[in-house]
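Structure, as structure tokens:
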Amino acid sequence: MPTVLSLLSEHCRETFARVAEVIRAGGIVAVPTESSYGLAVSPFHDEAVNRIFTIKGRAGDKPILVLIGDRAQVHSLVVTVPLAAEPLMVNFWPGPLTIVMDALPSLPQALTAGTGSIGVRLPSVPVLCDLLREVGPLTGTSANRAGEQPLATAHQVLSGLGGHVDLILDSGGTPGGLPSTVLDVRASVRLLREGAVPRTVIASVLEGFGVQLSP
């Protein structure tokens with residue numbers, strides 16, 4: 001069974017060091033996000049990414065998004081940051097908006113599902129951002145098997161996926177709710193999934209910068 005470590009104590013630095021060890025070894029860590037727990041591995045580690053697909057029973061044609069701790073980390077994942085992404089980052093990061101951009105070709109094929117693109121999000125969970133700044137970008141796919149409900153507590157992760165993850169970070173219950181909104185900004189700006197950030201709010205912000213949200 002995996003180790004469960006608290007993110008609510010004053011020993012976060014020791015916890016971060018332990019996470020770094022697990023991630024470097026290709027391990028899987030369950031982490032709290034804005035809505036539910038997610039499965040975190042290094043997005044640069046092929047075998048670790050493949051483990052996530054196996055655990056979730058996830059179809060190979062579905063890319064996995066990546067979480068970053070600050071905007072500087074996006075450059076380790078994407079070829080370039082399109083101009084249309086800038087107002088979105090300024091207005092909605094940190095927050096539940098995933099922005100899809102052209103992926104660096106060195107990233108694992110499984111991560112991008114062969115699309116050549118990668119979804120990136122700067123989450124609004126302060127302790128998670130602290131962790132990401134310490135250990136680098138991590139995957140953020142929900143901690144549940146395909147077709148099942150997301151898991152809201154560390155206990156649920158332990159019960160449902162405990163035999164498959166290496167470490168669980170416990171910060172108490174997560175609030176649930178809608179997943180992140182997903183926008184593709186590679187050419188025109190297209191809404192791929194409406195989630196926690198409404199389409200109308202995104203369209204209003206983009207219009208202020210002379211950018212149109214595609215129908």
Side-chain angles (χ1 to χ4, degrees), residues 16 19-31 33-34 37-86 88-89 92-123 125 128-144 146 164-167 169 179-193 195:
F16 291 175
V19 172
E21 290 177 5
V22 171
I23 293 297
R24 282 196 299 269
I28 298 178
V29 182
V31 299
T33 71
E34 291 100 332
Y37 275 73
L39 296 179
V41 304
S42 169
F44 312 110
H45 196 298
D46 293 78
E47 290 183 13
V49 172
N50 287 330
R51 280 185 66 193
I52 285 185
F53 279 89
T54 300
I55 290 170
K56 288 176 65 77
R58 186 182 179 93
D61 61 351
K62 292 185 176 181
I64 292 179
L65 69 88
V66 176
L67 303 175
I68 57 174
D70 57 47
R71 284 183 57 178
Q73 290 182 340
V74 75
H75 299 290
S76 66
L77 300 163
V78 307
V79 175
T80 187
V81 176
L83 289 177
E86 293 291 342
L88 297 170
M89 293 176 177
F92 299 111
W93 280 5
L97 178 70
T98 299
I99 302 175
V100 176
M101 293 171 274
D102 286 321
L104 286 173
S106 56
L107 294 178
Q109 280 290 102
L111 186 73
T112 64
T115 63
S117 65
I118 186 73
V120 184
R121 184 167 91 247
L122 177 61
V125 180
L128 177 56
C129 287
D130 290 343
L131 172 65
L132 293 163
R133 285 191 291 270
E134 187 76 18
V135 305
L138 297 171
T139 61
T141 185
S142 59
N144 57 277
H164 302 284
V165 300
D166 302 292
L167 184 64
L169 301 184
S180 67
T181 295
V182 182
L183 279 181
D184 187 336
V185 299
R186 287 177 295 166
S188 58
V189 182
R190 296 188 298 119
L191 183 67
L192 302 183
R193 179 179 74 191

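Keep in mind that this is a model prediction, so the values were computed, not measured.
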Value for OG1 (Thr98) from CG (Leu122), rounded to nearest 0.5 Å, stands at 10.5 Å
With distance as the sole test, does Arg51 use its side chain to make a donor-acceptor pair with the main-chain N or O of His164 at under 3.5 Å? yes
Please give me the minimum heavy-atom distance between Ala85 and Val185, naming the atom from each residue. CB-CG2, 4.1 Å
Nearest-0.5 Å distance that lies between atom CG in Leu111 and atom CG in Leu104: 11.0 Å
Can you find a pair of side-chain heavy atoms, one from Pro108 and one from Glu47, that are under 4.5 Å apart? no
In terms of heavy-atom contacts, Leu167 and Val19 come closest through CD2-CG2, 3.7 Å
Looking only at heavy atoms, what is the nearest atom pair of Pro123 and Pro94, with distance? O-CB, 3.1 Å
Where the side chain of Asn50 meets the backbone of Phe53, is there a donor-acceptor pair that is under 3.5 Å apart? no
Nearest heavy-atom approach of Arg58 to Ile64 is NE-CG1, 3.9 Å
Just how far is it from atom CG of Leu97 to atom CD of Glu34, taken to the nearest 0.5 Å? 10.5 Å
What distance do Leu138 atom CG and Ile68 atom CD1 have between them, rounded to the nearest 0.5 Å? 11.5 Å
Does the side chain of Arg24 pick up a donor-acceptor pair with the side chain of Ser42 at under 3.5 Å? no
In terms of heavy-atom contacts, does CD of Glu21 have more than 12 from other residues, nucleotides or ligands at under 6.0 Å? yes
Between Ala48 and Gly26, which heavy-atom pair has the shortest distance, and what is it? CB-O, 3.5 Å
Output yes when a side-chain donor or acceptor of Ser142 lies under 3.5 Å from a complementary backbone atom of Asn144, and no otherwise. no
Contact summary for Met89 and Ile99, nearest pair of heavy atoms: CG-CD1, 3.9 Å
Candidate list Val120, Val66, Leu107, test side chain to side chain contact (heavy atoms under 4.5 Å, CB included), partner Val78, passing option: Val120
Consider only side-chain N and O atoms of Thr141 and Thr139, and report whether a donor and an acceptor are under 3.5 Å apart. no
How far does CD1 of Ile52 sit from CD1 of Ile28, to the nearest 0.5 angstrom? 5.5 Å
Report yes if some heavy atom in the side chain of Val125 is under 4.5 Å from a heavy atom in the side chain of Val31; otherwise report no. no
Nearest 0.5 Å please: distance from the SG atom of Cys129 over to the CH2 atom of Trp93. 10.5 Å
